Amino acid sequence: MQHLTTMASLEPVHTAALLALAEQIKSEWRNGDRLPLLAGHVLTQVFEKPSLRTRVSFEAAMQQLGGSSIFLSAADAGLNGRESVADVARVLGGYSDVIVLRTFRQDLIDEFARFASCPVVNGLSDDDHPCQALTDLFTMREACGPLEGLTLAYVGDGNNVARSLAIACAHLGVAFRIAAPEGYQLDPKLFAEIQARIPAADLAAVDDPHAAVKGANVVYTDVWASMGQESEKDVRAKAFKAYQVNASLMKTAGKQAKFMHCLPARRGLEVTDDVMESPQSIVFQQAENRMHVAKAVLVRLIQGVEPGTRVVSPDHRRVAGT
Ligand code: CP
Ligand code: NVA
C-alpha cells in the first residue's frame with residue numbers, strides 16, 4: 001500500500017489492518033498515551049473544496065503524533081493553471097512525507113500519486129471518499145460488534161460516499177443495500193467490479209427505502225447535492241423527497257439500527273432533526289473517529305509497513321501492532 005487514492009486501490013487485508021491499527025491507536029490515546037510516532041514528519045493538505053472534518057482530523061492526527069501540517073487551497077498551490085499538476089506534485093513531494101488532496105476530478109489525485117515522491121491520500125473526490133468509508137466501518141464495528149454478516153443500508157444519492165462504502169463493506173463481509181431514486185443510483189458496473197474481485201460480496205440495489213432498511217444494523221445517508229452540485233439542489237430535493245431518513249424510516253429499520261451520516265448534514269432534507277439527535281444516532285462518534293482513522297492512515301503510509309508487521313515509535317518506548 002503506497003498511496004490511498006481510491007477505496008478500490010486497497011486490498012481487503014489492508015482495510016482490515018487499517019481498522020486494527022486505528023483501534024489500537026484510539027485506545028492508547030484514550031489511555032493518555034500520545035506516542036510521537038511521526039515526529040519530524042510533514043503532512044501537506046491541498047483542497048479544492050471546503051472541509052471541516054477531513055482537514056481538521058488530519059491536522060489534529062498529525063500534530064498528536066508529533067508531526068506538523070501545512071494547508072494550501074488549490075489556488076494557493078498553483079493548481080489553477082499557474083503551473084502543471086505534475087510540477088506541483090513533484091515540488092510538494094520534496095517537502096512532504098504525505099499529501100492529502102480534496103478535489104473535483106479523481107484524475108488530479110491519480111496524477112499527483114504518479115508524480116509526487118511521497119504517499120498521496122484522497123481526502124474526497126467527486127468519485128470516492130475512502131477515509132470516510134474506513135471510518136464508517138470502524139465506527140460500525142465499535143457500535144455493532146464484529147462486522148462479518150452485518151448489514152449497512154444506504155438511503156440517498158449514489159455518490160462518492162456510497163461508492164466507497166459499497167467497496168469497504170465488501171472488504172469486511174458487511175452486506176450493502178442501497179435505495180436511491182431513478183437517475184441517482186450507483187453505476188451497476190461498480191457492483192460487477194466488486195463482485196469480480198470479491199465473489200462473496202453481498203450487494204443489492206432496491207427501490208423502496210423501507211425495504212432497504214428493514215432489519216439493518218446501520219441506516220446511512222449523505223447530502224442529496226454534493227459539493228459542486230449546488231445548482232441542482234432544488235431538482236434533487238424533489239427527486240429525493242421519498243428518501244428522507246426520518247422517524248418512520250428508522251421505525252421500519254428497527255430498534256437495533258444505528259443512524260450514520262458522514263456530515264455535513266442538511267437537517268430537514270436527507271435527515272430530520274429528531275433522527276440526528278436520537279439515541280440511535282452515532283454521527284458524532286463517527287466524526288471523532290475520522291481522526292483516529294487518519295492517524296492509522298498516516299502511520300501506515302509514512303512508516304510503510306505491511307499488514308501484520310509491527311510499528312515502532314521513534315524513541316522505542318512502545319510498540320504498536322497493526
Ligand atoms: N465528512 C467529511 O468529509 O466532512 P468534511 O467535508 O467537513 O471534510
Ligand atoms: N457527498 C458529499 C460528502 C461530503 C463529505 C460531497 O461530496 O459533498
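All heavy atoms count here, side chains included; hydrogens, waters and symmetry mates do not. Since the model is a prediction, treat every value here as computed from it, not as a measurement.
- With hydrogens and angles disregarded, a donor-acceptor distance shorter than 3.5 Å links the side chain of T135 to the backbone of C131.
- Using modelled atom types, one side-chain atom of Q195 and one backbone atom of A201 make a donor-acceptor pair closer than 3.5 Å.
- Remark: D126 engages K49 in a salt bridge, criterion side-chain N to carboxylate O under 4.0 Å.
- Atom CZ of R82 has 12 or fewer neighbouring heavy atoms from other residues, nucleotides or ligands inside a 6.0 Å radius.
- Relative to the ring axis of F47, R55 does not place its NZ or CZ within 45° and under 6.0 Å from the centre.
- Donor-acceptor pairing under 3.5 Å is recorded for the side chains of D136 and Q132.
- Note on ring orientation: taking the six-membered ring where Trp is involved, the planes of F240 and W224 are parallel (angle under 30°, cut-offs 30° and 60°).
- Under a 3.5 Å cut-off, the side chain of N246 and the backbone N or O of S248 do form a donor-acceptor pair.
- Put simply, the side chain of R177 never gets that close to the backbone of T151: no donor and acceptor are under 3.5 Å apart.
- Side-chain atoms of H292 never come within 3.5 Å of backbone atoms of A22 as a donor-acceptor pair (strictly under, hydrogens ignored).
- When atom types are taken as modelled, the side chain of D208 and the backbone of H210 share a donor-acceptor pair closer than 3.5 angstrom.
- A donor-acceptor contact shorter than 3.5 Å links the side chain of Q244 to the backbone of L269.
- Checked by atom type, the side-chain pair S125/Q106 shows a donor-acceptor distance below 3.5 Å.
- Annotation for N80: atom CG counts as buried by contact number, over 12 foreign heavy atoms lying within 6.0 Å.
- Classification of E111 and R105 as a salt-bridged pair fails, no side-chain N sitting under 4.0 Å from a carboxylate O.
- Shortest non-hydrogen contact noted between G228 and F104 is CA-CE2, 3.9 Å.
- By the 30° and 60° cut-offs, the orientation of the rings of Y220 relative to Y154 is parallel.
- Between Q45 and T54 the shortest heavy-atom distance is OE1-O, 4.0 Å.
- Between the side chains of N289 and E142, at least one donor-acceptor pair of N or O atoms lies under 3.5 Å.
- Judged by distance alone, the side chain of R102 and the main-chain N or O of G123 form a donor-acceptor pair under 3.5 Å.
- Around the CD atom of E230, the shell of radius 6.0 Å holds more than 12 heavy atoms that belong to other residues, nucleotides or ligands.
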